[in-house]
Structure formats: C-alpha cells, structure tokens
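Just so you know, ligand 1 is whichever comes first in the structure, and atom 1 is the first atom listed for that ligand. Worth knowing before you read on, the calculation uses all heavy atoms, side chains too, and leaves out hydrogens, waters and symmetry mates.
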Amino acid sequence: MTDRSHLPGRRLLLVHAHPDDESINNGATMAKYAAEGAHVTLVTCTLGEEGEVIPAGLAHLAADRDDTLGAHRIGELSAAMAELGVTDHRFLGGPGRYRDSGMMGAPQNERPECFWRADVDEAAAYLVEVIREVRPQVLVTYDPDGGYGHPDHIQAHRVAMRAVELAAEPAFRRDLGDAHTVAKVYWNCVPRSVVEAGFARLRERGEDKLFPGIASPSDVPGVVADEEVTAAIDSSAYAPAKAAAMRAHATQIAVDGPFFALSNDLGQPLLADEYYRLVRGTAAAGREDDLFAGVGA
Ligand SMILES: CC(=O)N[C@H]1[C@@H](O[C@@H]2[C@H](O)[C@H](O)[C@@H](O)[C@H](O)[C@H]2O)O[C@H](CO)[C@@H](O)[C@@H]1O
Ligand SMILES: [Zn+2]
C-alpha cells in the first residue's frame, strides 16, 4: 500500500500539449489551487519546437532557423509556473522525448519523433508513472478534439485518458508503482455565452482595435453549449497571475489588458473564470465551484 503521508491533501494533475496551453486554459485555476496549498502537477507533452515566434528579435529561434525554440520555451514555461506558484512541472518522458507535431496536415506530422506519431500506450506509461507517484484525485486535459484539432492536443487527450485507465490496473506495470484511481477527470471547455459576451465587451470598449484583427467565438478552443459545463472556477482573484503567466510565453502570446492574441494576431478576450466538463467521477449537485468537490484525501 502506498504511503500517502508525505503527500499534500489535495492533488491536481494537468496534461497539456505545449508550453503555453496550461496558462491559456488553466492559469487561474492552477494559481488558485497552488495558493490554497494543493499540490499542482503539470505534465507538458512537447517543448513546442514548431511554434511561430512573435518577437522579431527572437525569430532566429524558429524550427526552420536555429531550431532552438524548444529550449527557449522550457524557460518560458518555468517563468510562467513561477507566476502561478506551481513548482511541479514535467515533460512527458523527459524534455524532448516527443517533438511538437506542427498544425494538422503540416509536413512535421510525419516526423517519426513527433508526438502525433507516438505509440499511445508507450506514452501513457510515462504518465502512469507520474499518476502513481503523485496520486492525484483530479486530472484535467482536453476533449477528444484537443479543443481545436491540433494533433498534439488530440494526442495529449488520448494519452491522458489511456493513462487514467492503465494507472488504475493493479496488474499493469507494477514497476511503475501501486495502482491509483483518479477520482475525477475533467475536460477543458468554455461556455458559448461567456465567449460571446467577452467578444461583445471588447467590441463595445473599442478594445478590438488593439490587435490587427479579432478572432471569432468559433476560433476559441473548446466552446460548448452552456448546459454542458459542469464546473466553473471563479478565479478572478488570480486573473493577474494568469495574465502574467501568459505574458511569460512571449514567443507565443501577446497580452494587452483583458485581451490577448496568439501569433496569428487575432485578438480574443482573456477569460479569468475557467470552465470544465466532468467526464469521469461524480459531480456535486448543480454546477461545481471546486474541482475537488466530493473527493477524499
Ligand atoms: C495555443 C497552441 O496550441 N499553440 C500551438 C500552435 O501554435 C499556433 C500555430 O503556430 C499557428 O500556425 C498559428 O497561426 C497560431 O497563432 C499559433 O497559436 O501550434 C504550434 C505548432 O504545433 C505550437 O508550437 C503552439 O504551442
Ligand atoms: Zn497547444
């Protein structure tokens, strides 16, 4: 039986594809739970080597130039975690084990070392080892489409969901630790009414002029009908930390007040509250305001 005495009471594990996804999707949630004393663990599946680069002075980092963006983004991620108060962040299988696959359909999808071509069970075993060590009650990842169809996001979903299954199997890889059942699994999402209100607010205030273009609600990853949302984390107190963490990913994200843009220069609202769909486990009555609702230590 695993000795849990050294583990903090509440333990949250997040599984993401690239450095920056964690701050965009869950920055306020991570800051909130870290501040409340929960143990927050982030596993990022690639280094984001194939990303575009916003600052002109860093353009040389790009994959088709010096190909050092991955190493640079490790530093960005560390800076972002410092802003959120998160101290446990890891790369799946170690830094560089799986390479960023590029956008769906890109030639990079064919590289043998890219995450999109990973064997899901082999990749999941790396995550089983983390799950059996940290023993989280709650795991957060993407929906089956990865939020917006990026191959690394889709693969992160598949690997996370497979690892949850395997970690709970006592007969699976006993060398990776005692079996552990994750009590609750959530997928990131955003209610349609919140996204539409966010864009309307920015247009009303004329802040949609801060960037060359403005995205549309359909560009936002994981938009769902309001009634599909099962948890809403009021993280307004942590909005500054989230914005600072997003700014730390300077090669990928430009933040201006309540607005941000990725390298496509399409501005969108920076949402402080963060939303989830429970897909494994038992939800508390009504829309939850705590991801740990109903779980024991
Ligand atoms: C938020 C996210 O998942 N970013 C990924 C994504 O980056 C996008 C990509 O470069 C696209 O071509 C741009 O138009 C868009 O603005 C970017 O956000 O894909 C990258 C390559 O796989 C990845 O490194 C980045 O983290
Ligand atoms: Zn991503």
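- Salt-bridge annotation for Glu83 and Arg247: absent, with no side-chain N of the basic residue lying under 4.0 Å from a carboxylate O of the acidic one.
- Some N or O of Asn264 is nearer than 3.5 Å to an N or O of ligand 1, by distance alone.
- For the residue pair Tyr33 / Asp290, a side-chain donor-acceptor distance below 3.5 Å is found, with atom types taken as modelled.
- A tilted orientation is assigned to the rings of His18 and His153, their planes being inclined by 30° to 60°.
- Taking backbone and side chain together, His16 holds no N, O or S atom under 2.8 Å from the Zn ion (ligand 2).
- With salt bridges taken as basic N to acidic carboxylate O contacts below 4.0 Å, one links Arg117 and Glu110.
- Remark: ligand 1 atoms within the under-4.0 Å shell around heavy atoms of Gly51 are 20 (C), 24 (O).
- One side chain, Asn26 or Tyr276, offers a donor N or O that lies under 3.5 Å from an acceptor on the other.
- Salt bridge absent: Arg11 and Asp88 never bring a charged side-chain N and a carboxylate O closer than 4.0 Å.
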Item to check | Full working for side-chain contact (heavy atoms from CB on, under 4.5 Å) between Tyr238 and Thr29 | outcome: CA-CA 8 Å; Tyr238 300 95; Thr29 301; over 6 Å; no
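- Taking the N/O/S atoms of His153 in turn, the shortest distance to the Zn ion (ligand 2) belongs to NE2.
- Under the 4.5 Å side-chain criterion, counting only non-hydrogen atoms from C-beta, Leu13 is not in contact with Val134.
- Within the 4.0 Å heavy-atom criterion, the part of Tyr148 lying near ligand 1 is the side chain and not the backbone.
- Scanning the protein heavy atoms around atom 19 (O) of ligand 1, the nearest turns out to be His150 NE2, 3.2 Å.
- In terms of protein heavy-atom proximity, atom 10 (O) of ligand 1 is closest to Glu52 CG, 3.6 Å.
- Near Gly48, the atoms of ligand 1 lying under 4.0 angstrom from a non-hydrogen atom of the residue are 24 (O).
- Counting only heavy atoms, the protein never gets under 4.0 Å from atom 7 (O) of ligand 1.
- Annotation: atom 15 (C) of ligand 1 to nearest protein heavy atom, Ser263 OG, 3.5 Å.
- Taking only non-hydrogen atoms, the option from His16, Arg73, Met103 nearest to atom 11 (C) of ligand 1 is Met103.
- Counting only heavy atoms of the protein, atom 1 (C) of ligand 1 lies nearest to Asp21 OD1, 3.4 Å.
- Residue Asp100 touches ligand 1 through its side chain alone, judged by heavy-atom distances below 4.0 Å.
- Coordination check, His18 versus the Zn ion (ligand 2): passed, since an N/O/S atom of the residue sits under 2.8 Å.
- Remark: ligand 1 and Leu262 share no N or O pair separated by less than 3.5 Å (distance only, no angle test).
- At least one N/O/S atom of Asp21, from backbone or side chain, sits under 2.8 Å from the Zn ion (ligand 2).
- By the criterion of a heavy-atom distance under 4.0 Å, neither the backbone nor the side chain of Gln108 is placed next to ligand 1.
- If you look at His153 next to ligand 1, the close heavy atoms, those under 4.0 Å, all belong to the side chain.
- Using modelled atom types, one finds a donor on one side chain and an acceptor on the other under 3.5 Å when comparing Tyr186 with Glu288.
- A side chain to side chain donor-acceptor pair (under 3.5 Å) with Glu22 is found for one member of His249, His89, His16 and no other, namely His249.
- A donor-acceptor distance shorter than 3.5 angstrom exists from the side chain of Arg135 to the backbone of Arg132, with no hydrogens or angles considered.
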